[in-house]
Asker: 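There's a structure below that I have some questions on.
Just so you know, ligand 1 is whichever comes first in the structure, and atom 1 is the first atom listed for that ligand.
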Amino acid sequence: MQVRKAVIPAAGWGTRFLPVTRAYPKELLPLVNKPLIQIAVEEAVASGIEEVIIVVAAECSAIRNYFRPIPELGVLLEQRGDSSLAEEMRCLESLVRISYVSQCARLGLGHAVLSAREALGDEPFAVILPDDVVDSSESALSQMLRIFCDYGGSVLGVESIKTADIQRYGVIRPETVGARVHRVRSLIEKPSLDITPSQLGIVGRYILTPQIFDAIAAVGPGHGGEIQLTDALSILLETQPIYALEFYGRRFDVGSPLGWLEAQVAFGIRHSEYGDILRQKLRHMV
Ligand code: G1P
């Protein structure tokens with residue numbers, strides 16, 4: 001079955017990025033000059049997604065405004081002779097059909113996904129967390145869509161996580177069934193090191209069947225008092241298989257200042273306009 005819709009949760013507090021996130025949603029932080037939310041939407045489009053649902057905090061209008069057409073800006077850029085930038089802005093405004101859902105309270109990732117239930121309907125859908133950016137020739141999501149077609153059942157994007165960081169992730173107990181593909185035997189959200197079932201952590205990409213909604217509705221508050229998607233996946237696992245793919249690509253945790261800085265450098269040194277000069281400047285600095 002085709003996956004046509006993707007949900008992008010963008011309503012968290014962004015506590016790892018305080019203080020900037022007191023007044024500014026972390027999803028609008030830029031990588032070079034492009035905000036994380038746009039990078040996530042572009043990954044969806046590159047993967048063949050036709051409709052994106054962004055879950056925003058009720059009071060946040062900045063993300064809703066970002067993709068809105070600004071006709072007068074196009075006119076201004078054309079008048080200044082910058083047609084290529086004007087065209088880039090038009091493309092951004094018409095990337096894909098985008099709708100917005102307000103998360104009434106910030107009760108965690110599971111709750112954010114459940115908030116989009118009506119908009120997502122009764123079909124499989126993708127989840128993209130914008131604070132995990134993947135640099136790859138084929139998008140992480142399209143690699144996962146192939147696994148969804150081949151195996152059926154939900155698919156999680158995973159990667160081997162450093163021992164010191166394991167407590168920040170949902171972790172799976174894998175049974176390997178193919179090249180980089182695992183059947184998930186159990187999952188746990190943010191395990192301590194002594195009970196972690198493996199080093200394979202979920203990294204911000206999911207393809208889920210609609211049965212996940214009932215599972216989310218059935219779980220109570222989990223780790224950190226939040227409604228955890230990982231806990232709902234454990235319930236789903238009782239009735240449906242779940243697979244995990246170690247996708248190809250380099251993932252950056254841009255939800256933390258260090259990961260964000262690393263990604264700035266990685267994307268910056270390859271940038272068509274700034275790459276060469278940035279490389280030279282970095283050489284001098286280091
Ligand atoms: C969330 C999920 C976690 C996953 C992580 C990936 O955690 O709950 O299972 O491993 O995203 O980034 P959060 O980063 O919101 O604490």
Asker: Is E87 paired with R90 through a side-chain N to carboxylate O contact shorter than 4.0 Å?
Answerer: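 Result for this pair is yes, salt bridge flagged.
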
Asker: Using side chain to side chain donor-acceptor pair (under 3.5 Å) as the criterion, list what pairs up with E273, not counting sequence neighbours.
Answerer: none

Asker: Looking only at the aromatic ring of each residue, does the gap between the centers of F67 and Y100 stay below 6.0 angstrom?
Answerer: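 Ring centres of F67 and Y100 not closer than 6.0 Å.
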
Asker: Which side-chain hydrogen bond (donor to acceptor under 3.5 Å, both in side chains) pairs, counting each pair once, include a residue from residues 261-270, with sequence neighbours left out?
Answerer: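 The answer is D135-R270, R250-E262.
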
Asker: Just list the N/O pairs, ligand 1 to protein, that are under 3.5 Å apart, with the distance for each.
Answerer:
{"from": "ligand 1", "atom 1": "7 (O)", "to": "K190", "atom 2": "NZ", "distance (Å)": "3.2"}
{"from": "ligand 1", "atom 1": "8 (O)", "to": "E189", "atom 2": "OE1", "distance (Å)": "3.4"}
{"from": "ligand 1", "atom 1": "8 (O)", "to": "E189", "atom 2": "OE2", "distance (Å)": "2.7"}
{"from": "ligand 1", "atom 1": "9 (O)", "to": "G170", "atom 2": "N", "distance (Å)": "3.0"}
{"from": "ligand 1", "atom 1": "9 (O)", "to": "E189", "atom 2": "OE1", "distance (Å)": "2.7"}
{"from": "ligand 1", "atom 1": "9 (O)", "to": "E189", "atom 2": "OE2", "distance (Å)": "3.4"}
{"from": "ligand 1", "atom 1": "9 (O)", "to": "T230", "atom 2": "OG1", "distance (Å)": "3.3"}
{"from": "ligand 1", "atom 1": "10 (O)", "to": "G170", "atom 2": "N", "distance (Å)": "2.9"}
{"from": "ligand 1", "atom 1": "10 (O)", "to": "I202", "atom 2": "O", "distance (Å)": "2.6"}
{"from": "ligand 1", "atom 1": "12 (O)", "to": "D132", "atom 2": "OD2", "distance (Å)": "2.7"}
{"from": "ligand 1", "atom 1": "16 (O)", "to": "K190", "atom 2": "NZ", "distance (Å)": "2.7"}

Asker: May I ask you to establish whether R180 and Y248 are in a cation-pi arrangement, using a distance under 6.0 Å from NZ or CZ to the six-membered ring centre and at most 45° from the ring axis?
Answerer: yes

Asker: By the side-chain hydrogen bond (donor to acceptor under 3.5 Å, both in side chains) test, which pairs, at least two apart or in different chains, include something from residues 7-16?
Answerer: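 Those involving residues 7-16 are R16-D253.
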
